[in-house]
Amino acid sequence: MLPEKTIKTLLQDTAFGTRVHIKGWVRTFRSNRFISISDGSSIHQLQCVVDYEQTDEALLKRITTGSCVSVDGILTESLGKGQRVEVQVERIEILGDAEADPEKGEVYPLQPKAHSLEFLREKAHLRFRTHTFGSVFRIRHAMTYAMHKFFHDRGFFNIHTPIITGSDCEGAGEMFRVTTLDPLRPPLTPLGEVDYTEDFFGKQTHLTVSGQLEAELAAMSLSKVYTFGPTFRAENSNTARHLAEFWMIEPEVAFADLHDNMDLAEANLQYLIQYALEHCADDLQFLNQRAIDEEKNKKKEERNEMTLLDRLQFVSEQKFERISYTEAIEILQKSKPHKEKKFQYPIEGWGADLQSEHERYLVEKHFKKPVILTDYPKEIKAFYMRMNDDGKTVRAMDILFPGIGEIVGGSQREERLSHLLQRMRDMQIPEKEMWWYLDTRKFGTAPHAGYGMGFERLLLFVTGMTNVRDVIPFPRTPKNAEF
RNA sequence: UCCUCGGUAGCUCAGUUGGUUAGAGCACCUGACUGUUAAUCAGGGGGUCGCUGGUUCAAGCCCAGCCCGGGGAGCCA
């Protein structure tokens, strides 16, 4: 039977003397008397006090770290320090042993001590049971909820864009193929090529790399829409910021220009951070302390100037700096590291894409706050971004966060058919396959704008974790699809 | 994919210029203790030193190739 109250609510309870029932997993068992139990409802455990003299010794032996127990007892004010309430155990039942004897079976791998994140990544099926990952995934949930709430409260409609896509020109990198053909003996055309007309969908299909183009279609009627779904990139990226399967939020707004777009994205980010500060205080407090402890092992120059909580507070209040790409190049050319030739990649001048180190300089050294870069050269941006009157730049915007880099990438979209067609020809995007996208520009086209926000990158910032593989339950990266 | 650092007990790590039987803390087992907070104390078991090959009288240590992981870069969210 499901317990009436979670440990989270019991820890707040003042009904001392009442009988309570809890179920959960043992974190530690101290002094043959104190069982620290977690049910995941909060970062905190409930201490259950067992009378070892009145309890069967064989049963006590089975109360080990990781085992699952059911407890009936009396809620009391704690006699010891360190916790407000505890439960005097009347009856304890082992629901699931966590075998502790190596001769009988495998040892439960999680000990009541700090494990490395790399080790826990290989034990992703069990890492939910640690403080850190419990906190991370409670926060991940809160951010999912707050994301929907943010858009819902502003009159947006959530659109489920397809995960399997028939177009391979979404313009955002390598795609995973989706097929039911026999890989060893695919049907062939007379020319000896694979005959995809025989495939499940009658054409080549892939996993989506973005829901943007479909979201644009919906925005041309529902005005304000957003997607929040999984996204797939078959890039051989091996970094702390990239996943082959990640979650992305893509709002698309009719009648919005680039400024509206920046305002929305800034409000979006600040709302989520404030929501976390307000609703995830316990978990953030834990992660804050965890980060402080971690920093102690680092060199002075690699340490953060602010704690996690300070950073969240700061970013939720500060206006983001907004500058154009052109201004950014000027700042970089006047910068100390440029003059002293400290950049690994020299500033090539106007037109070149910014390197990570340049973005980091702008965000972490020059402005010391989130920066929105706008109006990039058209050559380094996607075909659907709206051309400026100068004919050289497009209405793009990237939001750069300290320690993370690009957290949002967006633009005002090119709504003028002739301009769009010109760009597609320049960049060799096949018009034929994009007929449905071009139709929106033929029939009642409207100015509109949108952006993509990397959910895991947002979570990096909110939780203070430093690798996206540690903010998604089961990370998919090159050479790793375990669990 | 490139650069770089690493892989030694279940975990975290030490292991000197190549040299006898490869160590510590935690975990585990046995016992003691019992209002603890990652409980404490005593004792015990536990190793294909990532894999393959090479150099050498002798390799955890040197060399080559491969596998895996971290950090950085590129691609981007």
Could you give the [atom1]-to-[atom2] distance, from [X] to [N], as a whole number of Å?
X	N	atom1	atom2	result
A:N32	B:rG31	CG	P	12 Å
A:L120	B:rC11	CG	C1'	10 Å
A:F29	B:rA38	CZ	P	16 Å
A:M175	B:rA77	CE	P	14 Å
A:W25	B:rA38	CH2	C1'	21 Å
A:K81	B:rA39	NZ	P	18 Å
A:F176	B:rC76	CZ	C1'	14 Å
A:N268	B:rA77	CG	C1'	13 Å

What is the pairing partner of [N], taking Watson-Crick or G-U wobble pairs with both distances under 3.5 Å in any strand?
N	value
B:rA39	none
B:rC62	B:rG54
B:rG74	none
B:rA9	none
B:rG46	none

Expressed in whole Å, how much space separates the [atom1] atoms belonging to [N] and [M]?
N	M	atom1	answer
B:rU34	B:rU40	C1'	10 Å
B:rC49	B:rU8	C1'	4 Å
B:rC68	B:rU52	C1'	15 Å
B:rG71	B:rU30	C1'	44 Å
B:rA38	B:rG10	P	26 Å
B:rG54	B:rG18	C1'	16 Å
B:rG19	B:rG69	C1'	32 Å
B:rG72	B:rU16	C1'	31 Å

[X] side chain N/O closer than 4.0 Å to the phosphate oxygens (OP1, OP2) of [N]?
X	N	value
A:R33	B:rA39	no
A:R360	B:rA73	yes
A:S356	B:rG74	yes
A:N467	B:rG71	yes
A:R121	B:rG70	yes
A:Q47	B:rU37	no
A:R30	B:rA39	yes

Which part of the nucleic acid does [X] contact within heavy-atom distance under 4.0 Å: base, sugar-phosphate only, or nothing?
X	result
A:Y52	base
A:Q355	sugar-phosphate
A:M248	sugar-phosphate
A:S116	sugar-phosphate
A:L458	nothing
A:K61	sugar-phosphate

Could you tell me if A:H148 and A:Y226 have a donor-acceptor pair between their side chains, going purely by distance under 3.5 Å?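 Per modelled atom types, A:Y226 and A:H148 side chains form a pair under 3.5 Å.
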
From the set [options], return the single nucleotide nearest to any side-chain atom of [X].
X	options	value
A:S31	B:rU36, B:rA73, B:rU1	B:rU36
A:S78	B:rG74, B:rU36, B:rC11	B:rU36
A:T28	B:rA73, B:rG69, B:rA39	B:rA39
A:E406	B:rU37, B:rA73, B:rC76	B:rC76

Out of A:D56, A:I37, A:L60, A:L59, which one pairs with A:I92 under the side chain to side chain contact (heavy atoms under 4.5 Å, CB included) rule?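 For A:I92, the side chain to side chain contact (heavy atoms under 4.5 Å, CB included) test succeeds with only one of A:D56, A:I37, A:L60, A:L59, which is A:L59.
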
Can you find a donor-acceptor pair, distance only, under 3.5 Å between [X] side chain and [N] base?
X	N	value
A:E86	B:rG35	yes
A:N238	B:rU1	yes
A:R457	B:rC76	yes
A:Q45	B:rU37	no
A:Q111	B:rG10	yes

I want to confirm an ordering. Mapping A:A240 and A:N480 to their closest nucleotides on RNA chain B, which one lands closer to the 5' end?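 The residue closer to the strand's 5' end, by nearest nucleotide, is A:N480.
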
Map A:K479 and A:V468 onto RNA chain B by nearest heavy atom, then report which one ends up closer to the 5' terminus.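 In this pair, the answer is A:K479.
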
Residue among A:F137, A:F133, A:W25 satisfying ring pair (Phe, Tyr, Trp, His ring centres under 6.0 Å) with A:F128: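 Testing A:F128 for a ring pair (Phe, Tyr, Trp, His ring centres under 6.0 Å) against A:F137, A:F133, A:W25 leaves exactly one candidate, A:F137.
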
Residue of the set A:F367, A:F314, A:F401 for which ring pair (Phe, Tyr, Trp, His ring centres under 6.0 Å) holds with A:F320: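 Of all the options given, the one that passes is A:F401.
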
Give the minimum heavy-atom separation between A:R30 and A:Q47, together with the two atoms involved.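 Here A:R30 and A:Q47 meet closest at NH2-OE1, 2.9 Å.
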
Salt bridge between A:E456 and A:R241, side-chain N to carboxylate O under 4.0 Å?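 Result for this pair is no, no salt bridge flagged.
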
Inter-residue atom distance A:N261.CG - A:H448.NE2, 0.5 Å rounding: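 It is 10.5 Å, given to the nearest 0.5 Å.
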
Interatomic spacing from OG1 in A:T165 to CZ in A:F232 - rounded to 0.5 Å: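 Answer for the OG1-CZ pair, A:T165 versus A:F232, is 12.0 Å.
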
Aromatic rings A:F343 and A:H338: how do their planes relate, parallel, tilted or perpendicular, breaks at 30° and 60°?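 Ring orientation, 0 to 90° scale: tilted.
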
Would A:F34 pass as stacked on B:rG35, i.e. its ring centre under 5.5 Å from the base's six-membered ring centre and planes under 30° apart?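 A stacking contact does not exist, since A:F34 is not both close and nearly parallel to the base ring of B:rG35.
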
